[in-house]
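Contents: one structure, followed by commentary.
All ligand and atom numbering here is 1-based and tracks the order in the structure.
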Amino acid sequence: MKVTVLSFGVSLDGFSAGPRQDLQNPLGVGGPALVEWFFNTRVWRQMQGQEGGETGVDNRMAERGFAGIGAWILGRNMFGPVRGPWPDESWNGWWGEEPPYHVPVFVLTHHPRPPLRMKGGTEFHFVTEGMHAALEQAKAAAGTADVRIGGGVSTVRQYLQARLVDELHFALRPVFMGAGEHLWQGLDMRGLGYECAEVVPGERASHVIVRKRGS
Ligand SMILES: NC(=O)c1ccc[n+]([C@@H]2O[C@H](COP(=O)([O-])OP(=O)(O)OC[C@H]3O[C@@H](n4cnc5c(N)ncnc54)[C@H](OP(=O)(O)O)[C@@H]3O)[C@@H](O)[C@H]2O)c1
C-alpha cells in the first residue's frame with residue numbers, strides 16, 4: 001500500500017494550476033496547457049466514452065495513474081469552483097453523474113457537507129478534521145490498495161511537506177505559465193528526502209518519477 005501523487009502536470013516554471021480558477025477555468029487561466037498531454041490519450045477518451053486516442057508513452061503513464069487505487073484525496077478547489085460555506089448541495093463535482101474514480105474520494109474542506117454517492121462507485125466524503133484524518137480514512141477505505149492524492153496544488157504540497165507521499169509521477173510540460181499555483185515554492189524536496197528515480201520522455205510531456213528515500 002502506497003500513498004501516491006500521479007499524472008500531476010507541472011510547467012517548466014513549477015506551476016500546476018493557472019491563476020483565477022472559476023467555473024469557466026477549472027484549471028485556472030492557461031491551466032489546460034498543463035494537462036494537454038493527458039487529453040490526447042486513449043485513457044482520457046475512454047473516460048469521456050469516446051473511441052480512439054493515442055496509445056504511446058503518455059497513455060501508458062496515464063494508465064498507471066489509475067491502476068490499483070483504493071481511495072483518493074482531493075482538495076476542495078479541485079472538487080469544484082464553490083468557495084466558502086456550501087450555499088446548497090447542488091454542486092457535485094466537475095465530472096458529471098459518473099465520475100472517473102469508482103472508489104471512495106475524501107475531499108479536504110473546512111465546510112461540512114454530507115457524503116455524496118455517485119454512479120459507478122464514487123463516493124465523495126467531505127473531511128473537515130484535516131489532512132491526517134483524511135489520510136487515515138482513505139487508507140482504511142483503500143485496504144491493501146494505494147491512496148492517490150489527486151490534487152490540487154495546495155493539497156499535494158501539504159502531503160509532501162509532511163513526508164506522507166511515497167511516490168510522485170509528475171508530467172513536466174514544456175511550457176512557462178508565469179503565474180498560478182506553484183508546486184515547489186518553499187518546499188525543500190531534497191531535505192524532505194525525495195529524489196528522482198526515473199525520467200521517461202513522452203510525446204507531450206516528460207514523465208518524472210520521484211520517490212521518498214526508503215519507500
Ligand atoms: N496539474 C495537475 O495535474 C492538476 C491536478 C489536479 C488539480 N489541478 C488543479 O489544481 C487547482 C486546485 O488546487 P488548489 O491549490 O487551488 O486547491 P486544492 O488543493 O484543490 O484545495 C484547497 C482547498 O481545500 C481545502 N483544504 C486544503 N487543505 C485542507 C486542510 N488541511 N484542512 C481543511 N481543508 C483543507 C480548503 O478549502 P476550504 O477552506 O474552502 O474548504 C482549501 O482552500 C485546480 O485548478 C485544479 O484543476 C491540477
Side-chain angles (χ1 to χ4, degrees), residues 4-41 43-44 47 58 61-62 64-66 69 72-87 89 91 93-95 99-101 105-113 116 124-138 148-162 164-165 168-177 179-187 202 204-208 210:
T4 61
V5 173
L6 301 174
S7 295
F8 207 75
V10 63
S11 67
L12 288 179
D13 48 354
F15 292 95
S16 284
R20 301 188 297 283
Q21 298 166 35
D22 62 17
L23 191 57
Q24 281 71 43
N25 298 286
L27 287 142
V29 174
L34 298 165
V35 282
E36 198 249 356
W37 69 275
F38 183 53
F39 291 154
N40 288 283
T41 61
V43 170
W44 166 260
M47 280 166 55
D58 288 347
M61 297 305 291
R64 272 169 61 169
F66 289 96
I69 312 290
W72 292 63
I73 296 176
L74 309 185
R76 194 263 182 96
N77 296 359
M78 181 170 167
F79 178 70
V82 184
R83 303 289 186 265
W86 305 98
E89 283 164 22
W91 181 263
W94 297 106
W95 306 276
Y101 302 104
V105 177
F106 297 86
V107 180
L108 279 169
T109 177
H110 293 97
H111 303 284
R113 191 179 156 170
L116 189 57
F124 293 111
H125 299 270
F126 299 89
V127 182
T128 53
E129 301 87 21
M131 57 177 287
H132 295 286
L135 184 57
E136 268 173 40
Q137 292 175 34
R148 176 171 163 183
I149 317 279
V153 186
S154 151
T155 299
V156 168
R157 287 171 51 81
Q158 290 179 61
Y159 285 101
L160 285 171
Q161 182 66 60
L164 290 169
V165 181
L168 178 81
H169 152 221
F170 66 92
L172 181 62
R173 289 274 302 134
V175 294
F176 290 112
M177 293 287 291
E181 303 302 322
H182 205 276
L183 184 57
W184 309 120
Q185 196 142 41
L187 267 188
R204 290 183 171 77
S206 293
H207 300 278
V208 183
V210 170

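Looking only at protein heavy atoms, the nearest one to atom 43 (O) of ligand 1 is Asn77 OD1, 3.9 Å. Looking only at protein heavy atoms, the nearest one to atom 46 (C) of ligand 1 is Pro26 O, 3.8 Å. Among all non-hydrogen protein atoms, the one lying nearest atom 48 (C) of ligand 1 is Ser16 O, 3.2 Å. Arg76 N, 3.1 Å is the protein heavy atom nearest to atom 24 (O) of ligand 1. Ranking protein heavy atoms by distance to atom 25 (C) of ligand 1, first place goes to Leu108 O, 3.2 Å. Among protein heavy atoms, the minimum distance from atom 27 (C) of ligand 1 is reached at Gln158 NE2, 3.5 Å. For atom 41 (O) of ligand 1, the closest non-hydrogen atom of the protein is Thr109 OG1, 2.6 Å. The protein heavy atom nearest to atom 13 (O) of ligand 1 is Val153 N, 3.1 Å.
Between Ala162 and Met131, the shortest heavy-atom contact is CB-CE, 3.8 Å. When all heavy atoms of Leu34 and Arg173 are compared, the closest pair comes out as O-CG, 3.4 Å. Contact record, Arg113 with Glu89: NH2-O, 3.3 Å, taken as the closest heavy-atom pair. Trp37 and Asp58 get closest at one heavy-atom pair: CZ3-O, 3.5 Å. Of all heavy-atom pairs spanning Ala134 and Tyr159, the tightest one is CB-OH, 3.7 Å. Closest approach of Trp184 to Val10, counting heavy atoms only: NE1-CG2, 4.1 Å.
Between His110 and ligand 1, at least one N/O pair is under 3.5 Å apart. The N/O atoms of Gly130, backbone and side chain alike, include none that comes under 3.5 Å of an N/O atom in ligand 1.
Within a 6.0 Å radius of NE2 in His111, other residues, nucleotides and ligands contribute more than 12 heavy atoms.
Note: His125 and Phe106 have parallel aromatic rings, judged against thresholds of 30 and 60 degrees for the angle between ring planes. Ring pair Phe126/Phe124 is tilted by interplanar angle, where 30° to 60° counts as tilted.
Residue Arg83 does not touch ligand 1, judged by heavy-atom distances below 4.0 Å. Both the backbone and the side chain of Met78 come within 4.0 Å of ligand 1, counting heavy atoms alone. Contacts of Ala17 with ligand 1, taken as heavy-atom pairs under 4.0 Å, involve the side chain alone. Only the backbone of Ser7 comes within contact range of ligand 1, with a heavy atom under 4.0 Å; no side-chain atom does.
In this structure, Gly150 counts as a contact residue of ligand 1, since one of its heavy atoms falls inside 4.0 Å of the ligand.
Remark: among candidates Arg20, Arg113, Gln21, His132, the nearest residue to atom 11 (C) of ligand 1 is Gln21, based on non-hydrogen atoms.
Side-chain contact between Arg204 and Phe39 is absent, with no heavy atoms from C-beta onward closer than 4.5 Å.
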